[in-house]
There are 2 protein chains.
Amino acid sequence: MRMSEGVEWALHTCLNLTWLPAGQAVPAAKLAEFYGLPAAYLNKQLQALARAGIVSSTSGPRGGFQLARGPEHITLLDVVVAIEGPEEAFRCDQLLKQGPGADPTVDYRQSCLVSRGMRRADLAWRRELAAQTIADLRADVERAYPATPGNTVNRFAALRA
Amino acid sequence: MRMSEGVEWALHTCLNLTWLPAGQAVPAAKLAEFYGLPAAYLNKQLQALARAGIVSSTSGPRGGFQLARGPEHITLLDVVVAIEGPEEAFRCDQLLKQGPGADPTVDYRQSCLVSRGMRRADLAWRRELAAQTIADLRADVERAYPATPGNTVNRFAALRA
DNA sequence: GGACCACTACTCGGATATCTAATGTCCGAGTGTTGGAGG
DNA sequence: CCTCCAACACTCGGACATTAGATATCCGAGTAGTGGTCC
């Protein structure tokens, strides 16, 4: 049950975008160069964020990506769902349909108590992710590492060369 | 981030084992036949449970698997970890090591605040899984579907034919 | 009749294929810019 | 000098390879039972 590495890329990239001047798009190539990532593949992940309405994309010269809304309105859950999809980690293949006393009309994803127990944990996970926003993360980082915003802006400026 | 289907198989199988007479091993073939699963592959999952000390295995005639300890001492987390492995779902590849101001001596899996946020959710998930035991599930099932224990025993008896 | 022994059938355990999904790459569609030509 | 236009360079978006991991299968090692044989 490994999460796609795109989630890590997306979270750090969203965080970086909060430190860059608003209203200005940054191309995927720059965002990728920042961490030495493959540009085309990061682009693919950013497309997923765009489809989810987390970032907005602009084509052509001076184009790129920027946050589609304020970082205080983007939760970690939003990003994870955008990359990984909305379905829960535990998949119930409705094994009980093959067992004794099975009722074909029942949806065991709802009534199966094993599923119910797993879903309880899944909900706790989602609740915790939804409780944290990109803005929260940014504030935590700025408190612990005050130099990070400046370093980030400088690094991006250097990449323009 | 899809969980292996082996988790569902393992949970339902552990539950079934609680209803069968204790001290008596059940071969993987019977456990698989119960839900129409591929026997060799379920066997593989049961081996993982055995390595984790959740079930004990016996070779030869009259051999098979049985719970290694009381169901009240087997949590959902135990089963998930046995099948999926102990590492958390979010994997931090320490992207920050490629960023500005990176310190090669720092373990960013610990200090990175993105990782920290994701780990918080992961811990909530694990806490919820650890709070539920196989015995709890069994009690829930017996309360909601009193016929299940009998049906299960009968089905296994029929499989001996 | 009892005890020992070899043989058989059964079961787990791990080594080996196959297949799906994540990872990585490439090229085309669209867009803003820019330079030049014409008025 | 200003305006319009056409060519260009840049960027996203999705289609197409490649690779890692999950899924599925198979065969060998070991064990308990069983039947026969010898004492």
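In what follows, chains are A, B, ... by sequence order, proteins preceding strands, each numbered from 1.
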On DNA chain D, more 5' by nearest nucleotide between B:L42 and B:E84 is B:E84
To the nearest angstrom, the CZ-C1' distance between A:R91 and D:dA22 comes to 9 Å
Nearest heavy-atom contact between B:R155 and B:E33 is NH1-O, 4.1 Å
Answer with yes or no whether the hydrophobic clustering places A:L46 together with A:L159; edges join I, L, V, M, F, W, Y residues whose side-chain heavy atoms lie under 4.5 Å apart.
yes
To the nearest angstrom, the CZ-P distance between A:R51 and D:dG13 comes to 9 Å
Requested in this report: Please step through side chain to side chain donor-acceptor pair (under 3.5 Å) for the pair B:T75 and B:D78, ending with a clear verdict.
Outcome: CA-CA 5 Å; B:T75 69; B:D78 291 333; 3.1 Å; yes
Exercise. Using a 4.0 Å heavy-atom cut-off across all strands, classify B:A28 as base, sugar-phosphate, or nothing.
Key: sugar-phosphate
Would you say B:N151 and B:T148 are linked by a side-chain donor-acceptor pair, where the criterion is simply a distance under 3.5 Å? no
Result for 5'-nearest mapping on DNA chain C, choosing between B:L46 and B:P61, is B:P61
Whole-Å distance, B:N43 CG to D:dT23 C1', equals 14 Å
When A:G60 and A:M1 are each assigned the nearest nucleotide of DNA chain D, the 5'-most assignment goes to A:G60
Of all heavy-atom pairs linking A:S4 and A:Q45, the shortest is OG-NE2, 4.4 Å
Contacts of A:P38 and A:T58 projected onto DNA chain C by closest heavy atom; the upstream (5') one is A:P38
Rounded to whole Å, the OH-P distance (B:Y41 to D:dT23) equals 4 Å
Chain A vs DNA chain C, heavy-atom contacts under 4.0 Å, first-to-last nucleotide span, 5' to 3', is C:dT23 to C:dG32
Among D:dT23, D:dT11, D:dT25, the one nearest any side-chain atom of A:P27 is D:dT11
Separation of D:dG14 atom P from A:K44 atom NZ, nearest Å, is 9 Å
Side-chain donor/acceptor pairs under 3.5 Å, residues 112-121 of chain A, sequence neighbours excluded:
unit_1	atom_1	unit_2	atom_2	d
A:R119	NH1	A:R109	O	3.0
A:R119	NH2	A:R109	O	3.4

Exactly one of B:Y35, B:W19, B:F34 clears ring-ring contact (aromatic ring centres under 6.0 Å, His included) with B:F156, and that residue is B:F34
inquiry  = Counting only side-chain nitrogens and oxygens, does A:S57 get under 4.0 Å of the OP1 or OP2 atom of D:dG13?
reply    = yes
Separation of D:dG21 atom P from A:M3 atom CE, nearest Å, is 16 Å
(Q) Test side chain to side chain donor-acceptor pair (under 3.5 Å) on A:N16 and A:T13; report intermediate values, then the result. (A) CA-CA 5 Å; A:N16 280 344; A:T13 297; 5.5 Å; no
Taking every heavy atom of B:C14 against every heavy atom of B:I134, the minimum-distance pair comes out as CB-CD1, 4.1 Å
Overall bend of the helix from C:dG1-D:dC39 to C:dG39-D:dC1 (five pairs an end, 10° steps) is 0°
